[in-house]
Amino acid sequence: MSDQAEKLRQMTLHSSIPTSPIIKQSAKSRVITVTSGKGGVGKTNFTVNLALALAALNKKVLVIDADLGMANVEVVLGCSATYTILNLLEDGLKIADIATEGPRGIKFMAGGSGIYHLANLSDAHLNHIIGQISLFDNWADFILIDTGAGISRNVLNFVVAADEVIIITTPEPTAITDAYAMVKAYAGQKGTAPLKLVINRIVDRDEGQMVVDKLMRVSQRFLNVAIDHLGYVYEDRNMVKAVKSQIPLLISFPEAISSRCIEDIAQQILHGKNVQQRPRGMKGFFYKFLEYM
Ligand SMILES: Nc1ncnc2c1ncn2[C@@H]1O[C@H](COP(=O)(O)OP(=O)(O)OP(=O)(O)O)[C@@H](O)[C@H]1O
Ligand SMILES: [Mg+2]
């Protein structure tokens with residue numbers, strides 16, 4: 001681990017994470033929360049592989065596992081994180097120490113349960129942590145947050161505080177209903193970030209398009225919420241094989257149809273509709289998160 005920490009420290013020197021918590025006026029990172037409503041629809045695999053697709057396009061990506069206690073991201077990535085955000089208060093650890101490096105130079109952090117202790121910290125400790133976390137705004141182009149299942153307040157915290165939200169569903173009616181419930185909960189919290197829809201595990205495009213039309217229509221009609229369609233991911237056995245081998249899909253099966261779909265979505269995120277031009281970044285995320293908490 002100390003080798004890892006040293007590597008990250010070296011890297012930060014060369015990639016402009018400053019050593020003091022000076023907060024830039026214009027934050028750079030686009031903080032994107034991935035959520036679904038229903039569990040098991042593919043959030044974690046999508047998040048990790050999207051991170052790898054963005055990294056292949058020369059973007060710097062940090063993945064935060066917000067699925068409290070489940071360490072899902074670690075399982076999909078096949079590497080483990082040692083620290084959580086709270087470790088920033090111990091042993092003089094810096095942000096560069098607590099982020100673990102994964103494939104293609106992406107970094108990941110178990111945001112985990114530690115995040116909920118932030119509310120109990122003194123202002124000085126909290127400012128220290130926020131200062132450290134905000135350093136990522138100078139490094140990361142994207143911060144992808146993988147949430148747990150459900151529409152609990154825990155999950156909504158991460159959704160409401162993000163710059164952009166990706167909602168994933170499969171074509172199953174239960175998943176669609178839960179995705180709609182998430183849009184409704186978000187609207188109820190007066191969320192303002194653009195909502196983007198990904199349909200996972202489609203068998204053909206017609207099936208995907210039907211789900212998109214349905215969700216967009218009811219959200220607009222009953223909630224007055226506009227959703228952008230970001231893309232589809234096909235049902236693909238390679239996804240299951242990748243999970244079993246704990247080598248992410250984009251690395252183990254780069255030519256697979258589902259890999260291509262996720263690469264297309266990465267392109268959409270970079271160049272598609274409603275690209276967030278003025279992200280609030282990690283600092284903005286944290287203030288909003290704490291305010292909501
Ligand atoms: N496109 C796909 N094709 C085939 N299988 C898939 C696809 N996407 C996901 N899966 C399967 O679904 C399983 C669940 O995926 P994943 O763990 O990413 O879901 P999740 O939404 O993060 O679940 P949770 O809500 O429990 O966190 C995977 O292990 C894989 O077997
Ligand atoms: Mg998951």
Side-chain angles (χ1 to χ4, degrees), residues 32-53 63-81 102-103 106 108-113 115 144-159 162 165-183 185 196-205 207-209 211-212 230-266:
I32 305 180
T33 292
V34 179
T35 193
S36 63
K38 189 175 188 310
V41 296
K43 292 179 294 296
T44 303
N45 279 280
F46 174 78
T47 308
V48 165
N49 286 297
L50 177 64
L52 294 169
V63 176
I64 298 182
D65 189 343
D67 195 350
L68 307 183
M70 296 302 279
N72 268 314
V73 170
E74 296 184 19
V75 174
V76 170
L77 269 173
C79 26
S80 56
I106 67 169
F108 71 100
M109 250 168 60
S113 45
I115 229 162
L144 304 183
I145 302 180
D146 175 33
T147 60
I151 309 179
S152 63
R153 193 164 173 94
N154 285 353
V155 170
L156 271 177
N157 256 325
F158 289 95
V159 174
V165 179
I166 295 179
I167 296 184
I168 301 206
T169 182
T170 65
E172 285 182 20
T174 44
I176 300 171
T177 309
D178 289 3
Y180 177 73
M182 172 56 84
V183 178
K196 303 185 178 191
L197 187 61
V198 169
I199 318 293
N200 188 26
R201 308 191 72 157
I202 62 162
V203 177
D204 56 48
R205 291 184 78 86
E207 181 185 41
Q209 193 58 49
V211 179
V212 170
L230 200 53
Y232 305 116
V233 182
Y234 279 90
E235 169 74 31
D236 186 351
R237 288 283 307 156
N238 291 316
M239 185 75 94
V240 181
K241 287 188 203 158
V243 173
K244 285 188 180 153
S245 67
Q246 286 191 261
I247 301 170
L249 177 87
L250 256 82
I251 294 185
S252 46
F253 301 103
E255 304 299 328
I257 187 160
S258 47
S259 295
R260 291 285 157 82
C261 291
I262 294 171
E263 283 164 357
D264 283 351
I265 290 173

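Indexing begins at 1, ligand by ligand and atom by atom, following the structure's order.
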Q. Counting heavy atoms only, which of Val76, Asn238, Asn200, Ile168 comes nearest to atom 9 (C) of ligand 1?
A. Asn200
Q) Any idea which protein heavy atom is nearest atom 7 (C) of ligand 1, and the distance to it? A) Met239 CG, 3.4 Å
Q.
Any donor-acceptor pair under 3.5 Å linking the side-chain atoms of Thr44 with those of Asp146?
A. yes
Q | Identified side chain to side chain contact (heavy atoms under 4.5 Å, CB included) counterpart of Thr169 within the set Val211, Val198, Val41 | A | Val211
Q: Give the contacting part of Asn72 toward ligand 1: side chain, backbone, both or neither, where contact means a heavy-atom distance below 4.0 Å.
A: side chain
Q) To which protein heavy atom is atom 12 (O) of ligand 1 closest, and what is the distance rounded to 0.1 Å? A) Arg201 NH1, 3.3 Å
Q | Heavy atom of the protein closest to atom 28 (C) of ligand 1 (residue, atom name, distance) | A | Asn45 ND2, 3.7 Å
Q. Are any of the N/O atoms in Phe46 less than 3.5 Å from those in ligand 1?
A. no
Q.
What I want to know is whether Asp236 and ligand 1 share at least one N or O pair that is separated by under 3.5 angstrom.
A. yes
(Q) So for ligand 1, is Thr44 a polar contact partner (N or O within less than 3.5 Å, distance only)? (A) yes
(Q) Return the CD1 to CG distance between Ile32 and Leu144, rounded to the nearest 0.5 Å. (A) 5.5 Å
Q) How does Glu235 reach ligand 1, by side chain, by backbone, by both or by neither, if only non-hydrogen atoms under 4.0 Å count? A) both
Q) Among Val243, Asn49, Thr169, Thr47, whose heavy atom sits nearest atom 29 (O) of ligand 1? A) Val243
Q) Nearest protein heavy atom to atom 19 (O) of ligand 1, by residue and atom, and its distance? A) Gly42 N, 3.0 Å
(Q) Within the 4.0 Å heavy-atom shell around Gly39, which atoms of ligand 1 are there? (A) 25 (O)
Q) Hey, are the side chains of Thr170 and Ile199 touching, using non-hydrogen atoms and a 4.5 Å cut-off? A) no
Q.
Tell me the protein heavy atom at minimum distance from atom 20 (P) of ligand 1, and give that distance in Å.
A. Lys43 N, 3.4 Å
(Q) Can a donor-acceptor pair be found, under 3.5 Å and without considering hydrogens, that links the side chain of Asp236 to the backbone of Ser258? (A) yes
Q. Going by distance only, is there an N or O of Lys38 that falls short of 3.5 Å from an N or O of ligand 1?
A. no
Q. Are the side chains of Ile166 and Thr33 in touch, meaning some heavy atoms are under 4.5 Å apart?
A. no
**Q.** Heavy-atom pair with the smallest gap, counting every atom of Ala149 and Val155
**A.** O-CG2, 3.8 Å
Q) Taking the side chain as C-beta and beyond, is there a heavy-atom pair between Leu249 and Ile262 under 4.5 Å? A) yes
Q.
side chain to side chain contact (heavy atoms under 4.5 Å, CB included) for Asp65 and Asn72? Distances and angles first, verdict last.
A. CA-CA 7 Å; Asp65 189 343; Asn72 268 314; 4.2 Å; yes
(Q) Check for me whether Tyr234 has a heavy atom closer than 4.0 Å to any atom of ligand 1. (A) yes
Q. Hey, is ligand 1 close enough to Gly40 that some N/O pair sits below 3.5 Å?
A. yes
(Q) Regarding Gln209 and Tyr232, do their side chains bring together a donor and an acceptor under 3.5 Å, going by distance alone? (A) yes
Q) Can an N, O or S atom be found in Thr44 less than 2.8 Å away from the Mg ion (ligand 2)? A) yes
Q.
To check your reading of the model: name the closest protein heavy atom to atom 31 (O) of ligand 1, its residue, and the distance in Å.
A. Val240 CG2, 3.6 Å
Q.
Between the side chains of Arg201 and Glu172, is the shortest nitrogen-to-carboxylate-oxygen separation below 4.0 Å, so that they form an ion pair?
A. no
